[in-house]
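Each residue takes its place number in the sequence, starting with 1.
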Amino acid sequence: MRIGILGRGGMADALGTQWARAGHEVVSGSRSGGGGIRGAAEFGTDAVLLALPYEAVAEVVAGLEEELRGRVLIDCTNPVGGPGFGLLTGGGPSAAERIASATPTAHVVKAFNLCHEDVWRLTPPVFDGRPLAVPLCGDDEAALSVVRQLVRDLGCEPLNAGGLNRAGLLEATAALLIGLWRGEGADAQAIAPPLEFAGKRIS
């Protein structure tokens, strides 16, 4: 695949390096220097990863409407910040939905937002013998199929988390986990019971 990455930060580098290792062609661009954001968006005929700070994304993608037309646009941003790692989009549309509104001709898929960049540098991300699961939210089946393959290329398992209208749940989950991990130093993974107990009443 030809993958364009908007941004050159840690997430862009971690995911881009792994996809290149898997045999994909990857070009990244920053908001200054080199081929830039526009060049990366034009290159990503199969997929474009949006790996910019949340505060900048809507303005950036709105200026790339033609370059992103028909593209699979993967949103890994987290609208989290301030004291207590709060959700910046609380009470309103999710970050993914705002991005979709700013670039209505792209096919937005929310993915890769629940883990720190260091996790994506693992080859592969497997914990206690279990591959990492990556939930996806999106409305276009063809776009979801592309992102599922990119998840598998990392050695992970894609999970169907619903349409883009559920992306806010992923973003809220990220805010909760970041607050537990970084704010409390807690093992956030311990909050979920094993699958066999997920639907049972525990007395």
Can any side-chain N or O of [X] pair as donor or acceptor with the backbone N or O of [Y] at less than 3.5 Å?
X	Y	value
Glu171	Ser94	no
Arg148	Pro158	no
Arg71	Gly44	yes
Lys110	Thr77	yes

Taking the side chain as everything from C-beta on, heavy atoms only, tell me whether [X] gets closer than 4.5 Å to [Y].
X	Y	result
Leu150	Met1	yes
Ile74	Leu15	no
Asp118	His116	yes
Glu55	Leu88	yes
Leu52	Arg31	yes
Glu65	Thr105	yes
Trp120	Asp13	no
Asp75	Asn113	no

### Message
Who clusters with Leu87? Use side-chain heavy atoms, under 4.5 angstrom, across I, L, V, M, F, W and Y, and order the result by chain and number.
### Response
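Members other than Leu87 - counting any ILVMFWY side chain reachable under 4.5 Å - there are none.
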### Task
Sort out for me which residue in Val108, Leu68, Val48 forms a side-chain contact (heavy atoms from CB on, under 4.5 Å) with Val61.
Leu68
### Message
Can you confirm whether Glu59 is buried at CD, in the sense that more than 12 heavy atoms of other residues, nucleotides or ligands lie under 6.0 Å from that atom?
### Response
no
### Query
Quick check: are there more than 12 heavy atoms from other residues, nucleotides or ligands sitting under 6.0 Å from CZ of Arg182?
no
### Task
Please answer: with hydrophobic residues joined when any side-chain heavy atoms are less than 4.5 Å apart, are Tyr54 and Leu177 in the same cluster?
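No, Tyr54 does not connect to Leu177 through the hydrophobic network.
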### Task
May I ask whether Leu114 and Ile191 are part of the same hydrophobic cluster, defined by side-chain heavy atoms of I, L, V, M, F, W, Y residues being less than 4.5 angstrom apart, directly or through others?
no
### By side-chain contact (heavy atoms from CB on, under 4.5 Å) - contacts of Glu66 (at least two apart)
Arg69
If every non-hydrogen atom of [X] is compared with every non-hydrogen atom of [Y], which pair is closest and at what distance?
X	Y	result
Val146	Ala47	CG1-CB, 4.2 Å
Gly29	Ile37	O-CD1, 3.3 Å
Pro125	Leu154	CD-O, 3.0 Å
Thr89	Ala95	CG2-N, 4.1 Å
Ala111	Val147	CB-CG1, 4.1 Å
Arg8	Ser28	NH2-O, 2.9 Å

In Å and rounded to the nearest 0.5 Å, what is the [atom1] to [atom2] distance from [X] to [Y]?
X	Y	atom1	atom2	value
Cys137	Asp139	SG	CG	9.0 Å
Leu176	Phe85	CG	CZ	12.5 Å
Arg166	Asn160	CZ	CG	9.0 Å
Gln149	Trp19	CD	CH2	11.5 Å
Leu49	Ile3	CG	CD1	8.5 Å
Leu6	Glu67	CG	CD	10.0 Å

### From CA spacing to verdict: side-chain contact (heavy atoms from CB on, under 4.5 Å), Leu50, Leu73
CA-CA 7 Å; Leu50 182 57; Leu73 183 58; 4.2 Å; yes
### Task
With side-chain contact (heavy atoms from CB on, under 4.5 Å) as the test, would you mind laying out the steps for Gln18 and Asp153 before giving the verdict?
CA-CA 8 Å; Gln18 296 288 33; Asp153 289 340; over 6 Å; no
### Message
Walk me through whether Val151 and Phe112 qualify under side-chain contact (heavy atoms from CB on, under 4.5 Å).
### Response
CA-CA 9 Å; Val151 169; Phe112 304 112; 3.6 Å; yes
### Query
Is it true that Arg121 and Glu117 have a side-chain N and a carboxylate O under 4.0 angstrom from each other?
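Result for this pair is yes, salt bridge flagged.
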